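This one's a predicted model, so the numbers in the text were calculated from it and none came from an experiment. Numbering of residues begins at 1 and proceeds along the displayed sequence.
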Amino acid sequence: MRRLACFAGIVAAALAAPALAQEAAPSPTQRYFSDMERFCLATGGDRDLALSAAEAAGWTAAPEAMVAALVNPDAPEIAVRLSPTTGPDQPQAQLMLSVSPPMPETGVVVRVCVVVAEPDAEIDAGNLVELATARLGVDPGNAPQPVWIYSGTGPYVSELDLAMSGSNAMFETAAERPIYMLTLTRGAPGQANLALLRAGR
């Protein structure tokens with residue numbers, strides 16, 4: 001009888017395992033933030049490091065025409081990578097990286113690293129704010145959208161007061177040390193993205 005009860009317990013555990021695995025599966029918001037973390041936040045928005053991380057994860061270069069359509073005087077250098085896909089009609093996430101020309105007065109360059117979720121991904125903006133705040137350890141400002149302005153390499157230092165002094169003060173400081181600005185953009189319901197801007201030499 002004891003052996004039968006033990007066997008029944010093993011079977012019950014085996015049957016419960018798939019359900020537990022499903023409950024532990026990351027949400028679309030968590031998967032999106034994971035991409036933003038490894039490509040942008042962990043690399044500080046560095047173009048080469050972000051591209052290397054994306055390529056190691058199986059992301060591939062976007063068509064040249066797609067990249068050319070994004071190039072503009074403020075962002076003459078743009079790179080785009082697309083998430084892995086199993087078919088031609090499967091929606092893909094995008095990693096976009098740009099580098100600005102140096103600013104005449106300070107020589108500061110603005111690097112931008114953005115991950116855009118798949119068009120059909122349901123991204124919870126509130127959860128995204130929580131994840132970003134926990135990752136950075138600094139509180140966001142909220143006018144008109146959540147924005148984290150910080151410096152350092154961790155633990156990070158909030159630079160919201162510096163930003164409140166005006167953009168000139170921020171870029172003058174960026175000539176001495178990098179300043180980061182992470183912004184949350186809300187689109188239609190279920191659509192939200194994060195963009196990391198790094199101002200520095």
Side-chain angles (χ1 to χ4, degrees), residues 26-54 57 74-75 77-79 93-117 121-187 189-201:
S27 69
T29 303
Q30 290 169 326
R31 289 196 302 271
Y32 170 81
F33 186 76
S34 176
D35 290 336
M36 187 68 194
E37 153 65 23
R38 58 182 171 166
F39 301 151
C40 298
L41 298 180
T43 66
D46 181 276
R47 175 190 169 104
D48 292 339
L49 293 177
L51 288 177
S52 294
D74 292 328
E77 297 180 41
I78 290 182
Q94 301 175 20
L95 167 66
M96 294 187 286
L97 300 149
S98 69
V99 181
S100 76
M103 295 183 179
E105 302 84 1
T106 60
V108 167
V109 171
V110 176
R111 297 171 176 84
V112 179
C113 185
V114 182
V115 176
V116 180
E122 289 290 329
I123 306 299
D124 184 313
N127 187 209
L128 208 52
V129 170
E130 293 172 354
L131 291 168
T133 300
R135 166 64 174 84
L136 298 175
V138 298
D139 292 326
N142 56 10
Q145 298 283 9
V147 56
W148 298 257
I149 301 176
Y150 60 97
S151 61
T153 56
Y156 299 109
V157 177
S158 174
E159 299 286 0
L160 277 173
D161 290 343
L162 178 64
M164 294 298 290
S165 301
S167 60
N168 286 343
M170 191 170 77
F171 287 118
E172 287 169 3
T173 302
E176 303 299 326
R177 54 185 171 85
I179 300 293
Y180 298 90
M181 182 167 63
L182 180 68
T183 59
L184 174 78
T185 301
R186 290 183 174 94
Q191 293 182 345
N193 294 301
L194 290 169
L196 179 69
L197 178 152
R198 178 191 184 277
R201 289 185 182 274

*asked:* Once rounded to the nearest 0.5 Å, what's the spacing between atom CD1 of I149 and atom CG of D139?
replied: 13.0 Å
*With side chains defined as the heavy atoms from C-beta onward, is the minimum distance between E130 and T133 less than 4.5 Å?*
no
*Does R198 use its side chain to pair, donor to acceptor, with the backbone of D46 at less than 3.5 Å?*
no
Atom pairs and distances, donor-acceptor, side-chain atoms in residues 35-45, under 3.5 Å, two or more places apart:
| unit_1 | atom_1 | unit_2 | atom_2 | d |
| --- | --- | --- | --- | --- |
| D35 | OD1 | R38 | NE | 3.2 |
| D35 | OD1 | R38 | NH2 | 2.7 |
| E37 | OE1 | R135 | NE | 2.4 |
| E37 | OE1 | R135 | NH2 | 3.4 |
| T43 | OG1 | F39 | O | 2.6 |
| T43 | OG1 | C40 | O | 3.2 |
| T43 | OG1 | G45 | N | 3.3 |

*To the nearest 0.5 Å, how far apart are CG in L194 and CH2 in W148?*
6.0 Å
*Looking only at heavy atoms, which two atoms of L51 and A79 are closest? And how far apart?*
CD2-CB, 4.1 Å
*Are T183 and L197 close enough, and set up right, to give a side chain to side chain contact (heavy atoms under 4.5 Å, CB included), and what steps lead you there?*
CA-CA 8 Å; T183 59; L197 178 152; over 6 Å; no
*How long is the gap from CG on L49 to CZ on R47, to the nearest 0.5 Å?*
12.0 Å
*For the pair N193 (side chain) and A117 (backbone), establish whether a donor and an acceptor sit closer than 3.5 Å, ignoring hydrogens and angles.*
yes
Run the side-chain donor-acceptor check on residues 93-111: report pairs under 3.5 Å with partners two or more places apart or on a different chain.
| unit_1 | atom_1 | unit_2 | atom_2 | d |
| --- | --- | --- | --- | --- |
| S100 | OG | V110 | N | 2.9 |
| T106 | OG1 | V108 | N | 3.2 |

*Nearest 0.5 Å please: distance from the CD1 atom of I123 over to the CZ atom of R186.*
13.0 Å
*Where the side chain of Q30 meets the backbone of S27, is there a donor-acceptor pair that is under 3.5 Å apart?*
yes
*Of the non-hydrogen atoms in L160 and P140, which two are nearest, and what is the gap between them?*
CD1-C, 4.1 Å
*Does E176 CD have over 12 foreign heavy atoms under 6.0 Å away?*
no
_Please give me the minimum heavy-atom distance between E159 and S151, naming the atom from each residue._
OE2-OG, 2.6 Å
*Would you confirm whether S158, through its side chain, and V138, through its main-chain N or O, come within 3.5 Å as a donor-acceptor pair?*
no
*M170 side, atom CE; M181 side, atom CE - distance, nearest 0.5 Å*: 4.5 Å
*Distance, nearest 0.5 Å, that separates CG of D161 from CE of M164*: 8.0 Å
_Looking at L182, is its backbone amide N or carbonyl O close enough to the side chain of Y150 to form a donor-acceptor pair, meaning the two atoms are under 3.5 Å apart?_
no
